[in-house]
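Notes for the one structure printed next.
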Amino acid sequence: MKKTILVTSLIVSLLTLVSCGKETIASRATKKGLEIGTAYASDIFDPEGQERIKEFSNILVAENFMKCANLRPNAKFWNWSDIDHSIEFAEKNNIQMKFHTMFWHQQNSSFINNMKSKEEALEIMDNHIITIMDHLKGKIKVYDVVNEMFEEDGSFRKSIWYNLLGEEYIAHALTVASEHNSGAKLYLNEYNNECVGYPKADAMYNFVKSLKEKGVPIDGVGMQLHLSTDLPFDPDAIRANCKRYADIGIEISFSEVDVRLPASKFKDPEEIKKQEYIYTTLLDIALTEPNVKSFIVWGMYDRTSWVPATFGGYGNACIYDVEYNKKPVYEAMFEQLK
Ligand code: 9MR
């Protein structure tokens, strides 16, 4: 009996050793000082999802749980349970957390959409920031304070916040957040803002530069990078943009990366190679530009990806397929992180 117990515990120890020592994208990225990870949804509550998350991520962001409509369905009720559970999982597995997002024009509760005056907007905004930062004190690495504040032509998006408070709402939100912050980085997040020379990207850069000059507390800019294999991809313009942010002391997150394929080409080897090229080129920029701190994919696996519902006739945008199988792009990134 004693012998069986001894043998069993030896085997368990051995297996633990082997699995602890196993290198993954997450462990390799951690060694290189790069935050890598994914947006998670309910996959964080299923065992297979958890295994894949641990294999890929040293940072996580909620795809939807932290947005206003989910977190605060009405002015009085705060729905923390999903968030608290996922943070518990992350802490147990040494994974950091990013908060997405405090202020946005989408996924707002009706009490936000129905705000009428500047005073009401300021009160709700401050209360939103303070309640979130108090509840999550010490648990968040990066906050997306404002998401998607620009139109494609570089003008400010006419969100409910902008309409009631003017462009000042952004500086105000950052300032209040910094007054209640305990060590997290404060970011603005945007899409189509990655290439130098594109109106929205230049407007955002100039705006962030002006915030820095005025002493408004801001640490970083998120470039979402929702890309497609059949659209132009300009790594030089992306690198140049990262560099100009470095020059003004701003860090960058590649914050919502995915690379979609047209459905007619899902099995086309050339298209699959193109997808791999885009992912690995972005990863190369993240590894070689010191101010790029994180590389986060917007959902790790194709089954729950937002892409097919939004871009009809496109999909396969993630690193894992619908069954959680790793695509060749996983192996390519794994090699790259050696
Ligand atoms: O992936 C998210 C999807 O499940 C939601 O239905 C959608 C609501 O608009 O938001 C998606 O996430 C977005 C993110 O919060 C901000 N950048 C664009 C993302 C894709 O739309």
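Counting convention: from 1, in listed order, for ligands and their atoms alike. Owing to the predicted nature of the structure, the values given are computational and were not obtained by experimental measurement.
Between D144 and K98 a salt bridge is recorded (basic side-chain N to carboxylate O distance below 4.0 Å). Between E213 and K209 a salt bridge is recorded (basic side-chain N to carboxylate O distance below 4.0 Å). Taking the charged nitrogens against the carboxylate oxygens, R244 and D202 do have a contact shorter than 4.0 Å, which makes a salt bridge.
Enclosure of atom CD in Q106 by more than 12 non-hydrogen atoms of other residues, nucleotides or ligands within 6.0 angstrom is indicated.
Among all non-hydrogen protein atoms, the one lying nearest atom 5 (C) of ligand 1 is N64 OD1, 3.5 Å. In terms of protein heavy-atom proximity, atom 16 (C) of ligand 1 is closest to E148 OE2, 3.3 Å. Here the heavy atom of the protein found nearest to atom 8 (C) of ligand 1 is Q107 OE1, 3.1 Å. In terms of protein heavy-atom proximity, atom 2 (C) of ligand 1 is nearest to E63 OE2, 3.4 Å.
Taking a cut-off of under 4.0 Å to the non-hydrogen atoms of W306, the atoms of ligand 1 that pass are 1 (O), 20 (C), 21 (O). In summary, the atoms of ligand 1 found under 4.0 Å from a heavy atom of N147, numbered by their order in the structure, are 16 (C).
The option with the heavy atom closest to atom 11 (C) of ligand 1, from among H100, Q106, H226, K67, is K67.
Some N or O of E256 is nearer than 3.5 Å to an N or O of ligand 1, by distance alone.
Contact check for L136 versus W80: side-chain heavy atoms found under the 4.5 Å cut-off.
Cation-pi geometry between K200 and Y191 is met: under 6.0 angstrom from the ring centre, within 45 degrees of the axis.
Residue W104 touches ligand 1 through its side chain alone, judged by heavy-atom distances below 4.0 Å.
Side-chain atoms of E48 and Y301 form no donor-acceptor pair, as typed in the model, at a separation below 3.5 Å.
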